[in-house]
Amino acid sequence: MWDLVLEDRRINSLRLVAPMWNGRIRGIHRLGGAVAPEGNQKKKRTILQLLTNYFYDVEALRDYLLQREMYKVHEKNRSFTWLEKQHGPYGAGAFFILKQGGAVKFRDKEWIRPDKYGHFSQEFWNFCVVPVEAVDASDCDINYEGLDNLLLLKELQSLSLQRCSHVDDWCLSRLYPLADSLQELSLAGCPRVSERGLACLHHLRNLRRLDISDLPAVSNPGLTQILVEEMLPNCEVVGVDWAEGLKSGPEEQPQDTASPVPA
Amino acid sequence: MIRRVLPHGLGRGLLTRKPGTRRGGFSLDWDGKVSEIKKKIKSILPGRSCDLLQDTSHLPPEHSDVVIVGGGVLGLSVAYWLKKLESRRGAIRVLVVERDHTYSQASTGLSVGGICQQFSLPENIQLSLFSASFLRNINEYLAVVDAPPLDLRFSPSGYLLLASEKDAAAMESNVKVQRQVGAKISLMSPDQLRNKFPWINTEGVALASYGMEDEGWFDPWCLLQGLRRKVQSLGVLFCQGEVTRFVSSSQRMLTTDDKAVVLKRIHKVHVKMDCSLEYQPVECAIVVNAAGAWSAQIAALAGIGEGPPGTLQGTKLPVEPRKRYVYVWHCPQGPGLETPLVADTSGAYFRREGLGSNYLGGRSPTEQEEPDPANLEVDHDFFQDKVWPHLALRIPAFETLKVQSAWASYYDYNTFDQNGVVGPHPLVANMYFATGFSGHGLQQAPGVGRAVAEMILKGRFQTIDLSPFLFTRFYLGEKIQENNII
């Protein structure tokens with residue numbers, strides 16, 4: 001009988017000791033997290049996940065990591081409006097986009113695009129009096145706060161927000177200050193844009209072309225496209241070819257499934 | 001030598017010998033006894049609650065620093081901000097007492113989930129703006145490790161308020177205040193309105209105000225569940241039960257002009273368990289009354305309003321349940337995707353629901369036609385007689401609508417001035433209110449929760465000054481009314 005109790009106590013004492021080791025564990029992981037490349041991160045996540053179930057400290061650590069990730073996005077989207085005084089709105093807006101890794105086109109000038117290390121030539125500061133007419137912010141981390149900088153570009157005609165993972169419905173509701181100039185908008189592949197956000201694009205009355213293809217959060221892509229077309233009668237809406245799925249008969253289906261692979 | 005002897009003689013013998021075999025044929029159920037004793041000893045060990053006599057794990061704790069009565073969105077928001085603003089993690093123990101964990105009658109789940117800034121009081125506009133920024137960053141505020149992100153389903157379509165000739169001046173001054181506070185509201189003339197929304201009949205409309213940002217509607221259930229999840233991960237305790245009694249002490253005191261007042265202090269809250277006679281007294285320092293439509297009952301339990309009328313002691317909490325209907329209808333020719341929430345000059349409102357030409361709306365009844373709030377049955381004649389004529393006049397397409405379903409919900413209606421009650425009671429010093437928002441409690445919950453938490457922890461409002469919403473205004477007779485159209 002007593003050995004059972006003893007065994008129990010031993011287990012309990014082990015549990016009491018464990019948190020003291022955590023100090024070291026945390027140190028190791030924090031260092032590792034900072035240095036580890038992308039591939040290792042996934043494996044570590046699962047170990048951390050496992051440990052989270054047992055130790056409050058690990059949970060707190062993961063909470064901290066989560067917070068840091070969010071903080072990074074906020075940091076990237078901080079306001080550059082202070083540059084407006086010195087360089088004008090176009091300079092500030094263009095600097096923000098280039099810093100994010102996107103491309104800008106000043107009127108009658110070539111596209112300016114940062115290289116793969118994120119460096120870009122500083123000569124665009126000379127064009128600051130020329131309005132920016134096109135912005136390609138594909139794959140950028142722009143979020144709601146970052147739009148502050150984008151909305152400085154009052155004469156923007158073409159805006160591409162393809163595959164921006166932080167662009168959501170709140171952002172779309174905020175594009176109305178560009179209504180007078182914006183003619184082309186691409187939202188293709190934004191994972192957080194849904195039909196609820198698309199509904200407030202009716203403010204953009206000068207829109208000529210709208211790309212809403214490949215939006216995973218939209219529940220009924222076909223119906224949504226029809227409704228958007230109704231809402232914006234002067235605009236060409238590019239989306240999923242909703243009739244595609246209807247036409248393909250059973251004998252054509254193998255062809256359909258094969259075609260995306262080489263593409 | 002000893003070492004060699006021990007394992008063979010003593011050690012091995014003690015370990016291998018079964019207790020029952022010593023005397024031979026001892027017929028007690030040893031295995032059962034052993035596991036029972038094991039369990040009891042386990043329960044004494046640190047980290048577990050002691051239950052030598054009976055299992056009390058289903059009861060709320062005996063002590064809690066703050067007891068929040070009502071686990072709706074307001075109560076949970078207070079709990080969230082208390083845990084968020086506490087000086088170190090785990091500093092305060094918070095218990096949320098909710099009567100019905102399915103939230104079947106709670107106003108939160110039955111609400112239509114609108115958020116707008118078109119109020120006339122700057123405090124209400126600030127609260128709403130704060131809530132909008134909270135909802136925008138909801139996945140950062142309510143982030144829980146390993147939990148999937150919340151999908152708030154926010155539709156940023158805005159509110160469109162219509163004003164008749166008589167109300168146009170009031171609307172203009174309201175919009176001026178709203179813009180000063182920071183809301184993005186635009187004013188529209190009937191012509192502009194007709195251009196933008198050709199499906200509206202502008203007859204009798206003199207002016208319209210339209211919210212451009214941070215206005216729309218969302219899924220209240222998602223906010224509730226998100227808050228619940230986060231609050232649970234922060235260590236707030238939940239309990240399904242009902243508050244039946246407050247144990248308090250009173251103290252007779254004189255004011256500076258020699259009037260006798262009785263100061264009360266709540267020491268214990270009796271929480272009656274759901275579906276049983278069992279109750280648990282919870283010793284507490286602060287009680288937050290966030291019971292929504294039923295908060296007047298809770299206030300009366302604490303002795304608020306038991307006194308000669310006209311005095312501070314005799315001032316009741318003027319919050320009562322009022323029934324409001326929401327109807328869902330189908331209309332294939334109705335307005336399209338761009339439809340905002342439209343509030344007509346008559347008080348009728350509607351909004352789009354989903355993509356399939358479904359709409360949802362209702363109207364607040366006048367004082368005379370107020371329905372009996374005893375149950376949540378829907379009066380369909382009310383739609384036919386009081387809502388539909390106004391809607392069909394404003395939107396000609398709604399002549400041919402077909403009602404599909406309807407439900408009713410409770411408002412925590414403040415009969416005094418239709419605004420919230422926030423902060424401590426002047427005489428029952430440790431009861432705080434977060435109630436009486438008369439239908440806009442959901443959209444202001446994040447801001448109100450923060451204000452109440454600041455009042456409890458810091459002793460004053462810091463982010464948004466809600467001092468006009470204190471309880472004392474009922475005694476002083478200072479109405480702070482919205483001169484609003486909704």
**Prompt:** Of all residues at least two apart in sequence or in a different chain, which pass the side chain to side chain contact (heavy atoms under 4.5 Å, CB included) check with N234(A)?
**Reply:** R208(A)

Gap separating the [atom1] atom of [X] from the [atom2] atom of [Y], nearest 0.5 angstrom:
X: R192(A); Y: N139(B); atom1: CZ; atom2: CG; result: 6.5 Å
X: C200(A); Y: E215(B); atom1: SG; atom2: CD; result: 12.0 Å
X: S155(B); Y: E195(A); atom1: OG; atom2: CD; result: 8.0 Å
X: R174(A); Y: M212(B); atom1: CZ; atom2: CE; result: 12.5 Å
X: E213(B); Y: L175(A); atom1: CD; atom2: CG; result: 10.0 Å
X: L152(B); Y: R196(A); atom1: CG; atom2: CZ; result: 9.0 Å

**Fill in**
Among residues 146-157 of chain A, residues within the sub-4.5 Å heavy-atom range of chain B, in order of number, are none

**Asked** Which bit of L227(A) is near chain B, if near means a heavy-atom gap under 4.5 Å: side chain, backbone, both or neither?
**Response** both

**Request:** Please indicate whether K99(A) has more than 12 foreign heavy atoms, meaning atoms of other residues, nucleotides or ligands, lying under 6.0 Å from its NZ.
**Result:** no

**Prompt:** What are the two closest heavy atoms between P156(B) and D169(A), and how far apart are they?
**Reply:** CG-O, 3.6 Å

**Asked** Which of the residues A199(A), S219(A), S173(A) is involved in the greatest number of heavy-atom pairs with chain B at under 4.5 angstrom?
**Response** A199(A)

**Request:** Give the member of Q67(A), H203(A), E230(A), R205(A) that has the highest number of heavy-atom pairs under 4.5 Å with chain B.
**Result:** H203(A)

**Prompt:** Hey, what's the ring geometry for W170(A) with F154(B), parallel, tilted or perpendicular (30° and 60° as the breaks)?
**Reply:** parallel

**Message:** Just to verify, which of M231(A), E229(A), H202(A) counts as forming a side chain to side chain contact (heavy atoms under 4.5 Å, CB included) with L337(B)?
**Reply:** M231(A)

**Prompt:** In terms of heavy-atom proximity below 4.5 Å to chain A, should Y210(B) be classed as side chain, backbone, both, or neither?
**Reply:** side chain

**Asked** Which bit of D151(B) comes within less than 4.5 Å of chain A, counting heavy atoms only: side chain, backbone, both or neither?
**Response** side chain

**Request:** Flag the pair D146(B) and R62(A) as a salt bridge only when some basic side-chain nitrogen lies within less than 4.0 angstrom of an acidic carboxylate oxygen.
**Result:** yes

**Prompt:** Among R136(B), R352(B), R89(B), which residue forms the greatest number of heavy-atom pairs with chain A at distances under 4.5 Å?
**Reply:** R136(B)

